[in-house]
Chemist: 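Okay, here's the structure, questions in a sec.
Sequence lines set the chain letters: A, B, ... in the order given, protein chains first and strands last, and positions in each chain run from 1.
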Amino acid sequence: MRDPKVIPEKLRAWYDRHARILPWRVPPHAGHAADPYRVWLSEIMLQQTTVAAVKSYFQRFTELWPSVDDLAAASDAQVMAEWAGLGYYARARNLLACARAVAAMGGFPDTRRDLAALPGIGPYTSAAIAAIAFDRSETVVDGNVERVVARLFAVQTPLPAAKAELIALAETLTPMRRPGDHAQAMMDLGATICTPRSPACGICPLLEDCAARAQGIAAELPRKALKKPKPLRLGTVWIGLAEAAVLVETRPPKGLLGGTLAFPSTGWDGSDLPPPAPAEWRDIGMVRHVFTHFALDLTVMTAPLTGPATRGRLMALRDFRPDALPGLMRKAWNLARQP
DNA sequence: TACCCGTGGCG
DNA sequence: TCGCCAAGGGT
């Protein structure tokens, strides 16, 4: 019943009318290709991150660094500061490493294989850039596509075990013509109609082709393995204030919040570090923050510094930008500056 | 394979 | 208030 070619044709027709307008996107039939730099930058930012959260960051980055060569010339600290708040900070470190590699080789490679050799570019992102920026017929599989395909073919296997099967099914839909628009159409469909909860099947262009819809189980797919409960961890952070300055440190380059600007803290994994300086530390309250795999209750201590610090460095308040902090540290700062 | 790695919005 | 989830990659 389901002709494998009818689905991409219907999808393309729907996309031509309903494509989302996004700052990094070239509309269908624009007559020119997308800029690989802007495609790459947006794809990195969009990894596990919503379109709404990315928009202002994309705008800011492309203003500061209009080309990959401009970005390659930026400092680590500046890129980390501009990325602050977006999360998954390994992306920012890999972003800069990738920009420098691309600048050194004179531009982005135009095949999926060569793209995937660059830092921060994996199976999804390499396929997306190859299809969208270089018109390569690659199959782009993200969370949206997994969901759309699982429903179209009524795949009952739970994720992540179903991953290989979903990729194989998605490949059967990839066209030779306009593969980039096809990829973006699949993702737009997943983001606006074939949504995780209460999908809008009534207005779906693939309604007649959807096996899950026919069985009445669209909203139940894709099935997912049970996830482990998140442990609660405890920690302490110290915000030391000197004359028009605050005690900060740059966190170690790897691990949680790696490379970000922070206040000295315990390790919040049981390690029991001492305060970074002698002072009359005062407990001003606690902030809760939920990471991917654990929750954290962080006790916030403040004090005017009275002796030399054993950790961190003093930063003048005029140079200190709270929005250069990751979310957890921003919460602590906001608590500390309240009366 | 199974972890590790942020954040904000939404029902 | 809380669990779920979002254009994943690295190890």
Chemist: Contact class for A:P119 (heavy atom, under 4.0 Å): base, sugar-phosphate, or nothing?
Modeler: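 It contacts sugar-phosphate atoms only.
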Chemist: When the ring centroid of A:F291 is compared with that of A:H293, is the distance short of 6.0 Å?
Modeler: no
Chemist: Taking atom types as they are modelled, would you say the side chain of A:T292 forms a donor-acceptor pair with the base of B:dG6 within the 3.5 Å cutoff?
Modeler: yes
Chemist: Return the nearest nucleotide to the side chain of A:T49; candidates are C:dG8, B:dG6, B:dC5.
Modeler: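 The nucleotide sitting nearest to the side chain is B:dG6.
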Chemist: Should the ring pair A:W24 and A:F58 be called parallel, tilted or perpendicular, given that the plane angle runs from 0 to 90° and is split at 30 and 60?
Modeler: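 Because their plane-to-plane angle is over 60°, the rings of A:W24 and A:F58 count as perpendicular.
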Chemist: Could you tell me how far B:dG11 sits from C:dA7 if I compare only their P atoms? Round to whole Å.
Modeler: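 Taking atom P in both C:dA7 and B:dG11, they lie 15 Å apart.
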Chemist: Could you work out, with ring-ring contact (aromatic ring centres under 6.0 Å, His included) as the rule, every residue matching A:W65, not counting sequence neighbours?
Modeler: A:F61
Chemist: Which part of the nucleic acid, if any, lies within contact of A:R147, taking any heavy atom under 4.0 Å across all strands shown: a base, the sugar-phosphate backbone alone, or nothing?
Modeler: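 Sugar-phosphate only.
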Chemist: With a non-hydrogen cut-off below 4.0 angstrom, is A:G190 in contact with a base, only sugar-phosphate, or nothing?
Modeler: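 Result for A:G190 = nothing.
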Chemist: For A:V145, which contact category applies under a 4.0 Å heavy-atom criterion: base, sugar-phosphate, or nothing?
Modeler: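 The answer is nothing, as A:V145 stays clear of every strand by at least 4.0 Å.
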Chemist: Can you confirm whether more than 12 heavy atoms, excluding those of A:E280, are under 6.0 Å from its CD atom?
Modeler: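 Not buried by this count: 12 neighbours or fewer within 6.0 Å.
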Chemist: Taking atom types as they are modelled, would you say the side chain of A:Y88 forms a donor-acceptor pair with the base of B:dG6 within the 3.5 Å cutoff?
Modeler: yes
